[in-house]
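Heads up, the thing below is written out as structure tokens.
Source: prediction; values computed, not measured.
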Amino acid sequence: MSVTTESTTRRPTRGRAVPAALAGIAAGAATLGVAEVLAAVWTRWLSSAGTSSPLLAVGGAFVDRTPPWLKDWAIETFGTADKLALGVGMGVTLTVACAALGLLTLRRRQLGAGLFGLVGVIGALAVLSRPASGVLDLIPTVVGVVVGVRVLTALRDRVAHMVDAAEPTRPPHPSATTSGGSSRRGVLLGAGGVAGLGVLGIAAGQVLSTAGRTVQRTAEALGLPTPTRTVSVPDGAASDVAGHSAYLTDNETFYRIDTALRVPRVEAEGWTLRVTGMVDEEIEISYADLLGEEHVEALVTLTCVSNQVGGDLVGNARWQGWPVRELLERAGVQPEADMVLSRSVDGWTAGTPIEALTDDRNALLAVAMNGEPLPAEHGYPVRMVVPGLYGYVSATKWVTELKVTRFDADEGYWTPRGWSARGPIKTASRIDVPRSGGELAPSGGEVTLAGVAWAQHRGIERVEVQVDDGDWQEATLLEEPTVDSWRLWTYAWPDASSGQHTARVRATDADGQTQTEDTAPPAPDGATGWHTVEFSVA
């Protein structure tokens with residue numbers, strides 16, 4: 001007959017604490033390993049449109065509830081690695097929580113197992129909260145939690161019946177003779193092995209979710225259509241100053257900020273775009289239909305509203321696509337409409353002022369970026385590009401719907417989270433050379449400062465540089481092929497003295513508005529202030 005002592009169930013010894021915590025971690029890993037593999041199978045072979053991965057669901061639910069100040073802090077701190085930081089944070093949190101549940105389960109078996117199941121319920125609710133998810137998408141999470149609870153209770157019992165090899169003088173627990181008992185080393189190896197298999201399952205789930213689902217590059221197979229209007233970058237728009245931004249940003253280095261924790265893999269053959277809402281006729285077009293329209297090219301700089309003064313969440317590219325205004329004209333926009341709510345394949349939305357999509361600017365349904373089909377990370381097969389507006393109100397990737405509506409009837413994803421509704425880009429400028437803390441070597445007593453400025457759809461009229469507390473000096477502007485792109489500038493500082501210096505920059509747009517020294521954080525409608533760098537002259 002097995003006997004369980006008070007000291008075993010209520011006061012776990014130090015020798016049992018580590019195995020108990022590891023048992024909790026193993027149970028959590030087993031839960032997620034099973035759930036992620038099943039979710040990958042569910043999504044890939046059953047073509048589920050929802051999010052059945054509990055990891056993605058919980059992460060997505062967290063992002064959805066992120067206040068603007070925390071979003072700004074994360075992007076300022078981690079930049080485009082914000083999703084990696086979120087993943088690491090989730091991993092640490094789950095590990096600590098599961099270890100605590102393992103310790104609790106050793107003392108209070110039923111309570112610990114119940115709380116473990118409650119955590120699973122939270123994961124299931126997160127799955128249900130994702131766009132297009134249904135009850136069937138809960139199956140991977142439910143199965144994973146059932147497995148996890150069984151692992152937790154089984155390992156808990158082994159820990160409770162453990163014969164601690166580190167205490168040879170201690171008499172064995174009664175169950176060691178009646179129930180076989182377990183050595184401490186055996187428990188640690190068993191729990192560690194389960195944890196390792198769980199981690200492998202998580203990794204396998206991530207691999208399976210994308211394996212065999214590489215997007216079919218229909219644009220490459222059919223060939224991108226020849227634009228009826230092309231653009232080129234004149235030599236005078238680019239700079240040969242070392243460290244100065246290139247006029248066109250490479251696809252690989254173009255910033256990426258969005259809410260998608262995993263890049264959607266959208267097959268162009270099955271992609272469609274619907275125009276709905278306040279239109280005379282609802283329209284649906286396929287990717288082949290879109291490629292059959294008359295495309296144009298445009299040079300457009302995109303900017304994230306979370307970009308800090310002097311930040312790098314801005315990039316310039318040559319985009320190719322079909323003007324949005326032509327599609328909306330075909331549908332027949334009703335006069336009362338003042339906004340278009342664009343929707344991504346993952347449910348994300350942006351509310352764009354309708355005039356920005358129907359005037360003469362190059363607002364595009366883009367299919368190519370710098371002469372290549374859109375990378376998956378930047379919206380393949382189709383995304384929106386709208387000059388003059390921050391990305392959160394315009395740059396919808398993987399776009400699937402344009403709903404013509406009103407601002408008083410609908411809101412984009414970030415508007416109810418505290419961001420302004422319309423998001424016009426503010427005039428901004430940045431010093432690239434020198435970087436803060438850098439050093440310049442004079443040539444003939446002169447050093448060159450360089451940077452970029454932007455005021456999309458207005459253009460840059462003037463850039464001024466101030467060194468230390470001197471007067472503002474006008475910089476040399478490079479050519480401006482279009483007002484929808486950034487403009488590079490240089491400033492030759494004559495008679496530069498050696499030592500430490502401070503440089504500031506400000507820009508004036510074509511409307512005559514000059515940046516002010518007043519600083520403001522990105523939320524709710526973009527950061528303001530002069531970019532300042534500290535540097536030295538050799």
Side-chain angles (χ1 to χ4, degrees), residues 215 217-220 222-231 251 254 258 264 266-277 279 281-302 317-333 337 339-346 348-389 391 393-405 412 456-457 484:
V215 291
R217 295 287 183 162
T218 300
E220 293 178 349
L222 300 180
L224 289 170
T226 301
T228 59
R229 185 180 75 238
T230 61
V231 295
N251 292 0
F254 204 99
D258 51 53
V266 183
E267 297 287 354
E269 285 83 353
W271 176 89
T272 61
L273 175 65
R274 298 170 56 238
V275 182
T276 64
V279 293
E281 179 184 1
E282 293 194 352
I283 293 177
E284 181 172 295
I285 63 171
S286 68
Y287 189 69
D289 294 334
L290 180 58
L291 293 184
E293 300 294 341
E294 293 188 355
H295 285 215
V296 300
E297 285 187 334
L299 297 169
V300 179
T301 295
L302 299 184
R318 177 166 55 93
W319 307 92
Q320 176 184 327
W322 187 35
V324 181
R325 63 176 174 272
E326 295 186 18
L327 176 61
L328 293 178
E329 181 180 1
R330 188 173 298 179
V333 174
M339 185 254 271
V340 171
L341 189 74
S342 53
R343 186 177 303 276
S344 169
V345 69
D346 64 352
W348 188 85
T349 56
T352 308
I354 201 162
E355 62 269 17
L357 299 176
T358 54
D359 62 15
D360 61 354
R361 78 184 72 191
N362 290 310
L364 301 178
L365 294 169
V367 299
M369 180 179 183
N370 290 328
E372 301 176 357
L374 287 173
E377 294 79 6
H378 293 292
Y380 180 87
V382 184
R383 67 167 295 162
M384 289 181 64
V385 172
V386 183
L389 301 178
V393 297
S394 65
T396 304
K397 304 172 187 174
W398 317 289
V399 62
T400 59
E401 182 184 8
L402 302 180
K403 179 184 178 183
V404 180
T405 180
Q456 290 93 312
H457 208 55
D484 291 336

- prompt: With His378, which residues qualify under ring pair (Phe, Tyr, Trp, His ring centres under 6.0 Å), at least two apart?
  reply: Phe254
- prompt: In Å, rounded to the nearest 0.5 Å, how long is the span from CD1 of Ile354 to OG1 of Thr405?
  reply: 9.5 Å
Intermediate values then yes/no, side chain to side chain contact (heavy atoms under 4.5 Å, CB included), Leu402 and Val324: CA-CA 10 Å; Leu402 302 180; Val324 181; 4.2 Å; yes
message: Looking at every non-hydrogen atom in both residues, tell me the closest pair between Arg383 and Ala395 and how far apart they are.
response: NH2-CB, 3.2 Å
field: CA sep, side-chain torsions, deciding dist, call: Met369, Trp319, side chain to side chain contact (heavy atoms under 4.5 Å, CB included)
entry: CA-CA 5 Å; Met369 180 179 183; Trp319 307 92; 3.7 Å; yes
Under 3.5 Å donor-acceptor, Arg330 side chain and Glu281 backbone: no
Side chain to side chain, Asn362 and Arg229, heavy atoms closer than 4.5 Å: yes
task: Taking the side chain as every heavy atom from C-beta outward, state whether Val382 and Trp271 have any atom pair closer than 4.5 Å.
output: yes
task: Please lay out, stage by stage, how Tyr287 and Val367 fare under the test side chain to side chain contact (heavy atoms under 4.5 Å, CB included).
output: CA-CA 9 Å; Tyr287 189 69; Val367 299; 4.1 Å; yes
Rounded distance [0.5 Å steps], CD in Glu355 versus OG1 in Thr352: 10.0 Å
message: Testing the basics here: between Ser394 and Ala350, what is the closest heavy-atom pair and its distance to 0.1 Å?
response: N-CB, 3.9 Å
- prompt: When rounded to the nearest 0.5 angstrom, what is the spacing between CG in Leu291 and CD1 in Ile285?
  reply: 9.5 Å
task: Taking the side chain as every heavy atom from C-beta outward, state whether Thr400 and Val266 have any atom pair closer than 4.5 Å.
output: no
message: Closer than 3.5 angstrom, by distance alone: can the side chain of Gln320 be matched with the main-chain N or O of Pro225 as a donor-acceptor pair?
response: yes
task: To the nearest 0.5 angstrom, please state how far the CD atom of Glu377 sits from the CH2 atom of Trp398.
output: 8.5 Å
- request: Please report the shortest heavy-atom distance between Pro323 and Val296, naming the atom on each side.
  value: CG-CG2, 4.1 Å
- prompt: Any sub-3.5 Å donor-acceptor pair from Glu297's side-chain atoms to Val231's backbone N or O?
  reply: yes
Under the side-chain hydrogen bond (donor to acceptor under 3.5 Å, both in side chains) test, residues paired with Ser286 that sit two or more places apart: Asp289
field: Spacing of Leu365 atom CG and His295 atom NE2 [to the nearest 0.5 Å]
entry: 8.5 Å
statement: Here the pair of heavy atoms bringing Thr358 nearest to Arg325 is CA-CB, 3.8 Å
- prompt: With no hydrogens and no angle check, is any side-chain donor or acceptor of Ser344 less than 3.5 Å from a backbone partner on Lys397?
  reply: yes
- prompt: Which heavy-atom pair separates Ala268 from Pro381 by the least distance, and what is that distance?
  reply: CB-CB, 4.1 Å
message: Is it true that, when you exclude Glu294 itself, more than 12 heavy atoms of the residues, nucleotides or ligands shown sit nearer than 6.0 Å to its CD?
response: no
message: Is it the case that over 12 heavy atoms from other parts of the model lie below 6.0 angstrom from the CD atom of Glu326?
response: yes
- prompt: With side chains defined as the heavy atoms from C-beta onward, is the minimum distance between Glu293 and Leu327 less than 4.5 Å?
  reply: no
- prompt: Do side-chain atoms of Thr349 reach the backbone of Ser342 as a donor and acceptor pair under 3.5 angstrom?
  reply: no
task: Return the minimal non-hydrogen interatomic distance between Asp484 and Leu299, and the atom names on each side.
output: CB-O, 3.6 Å
Under the side-chain hydrogen bond (donor to acceptor under 3.5 Å, both in side chains) test, residues paired with Thr276 that sit two or more places apart: Glu401
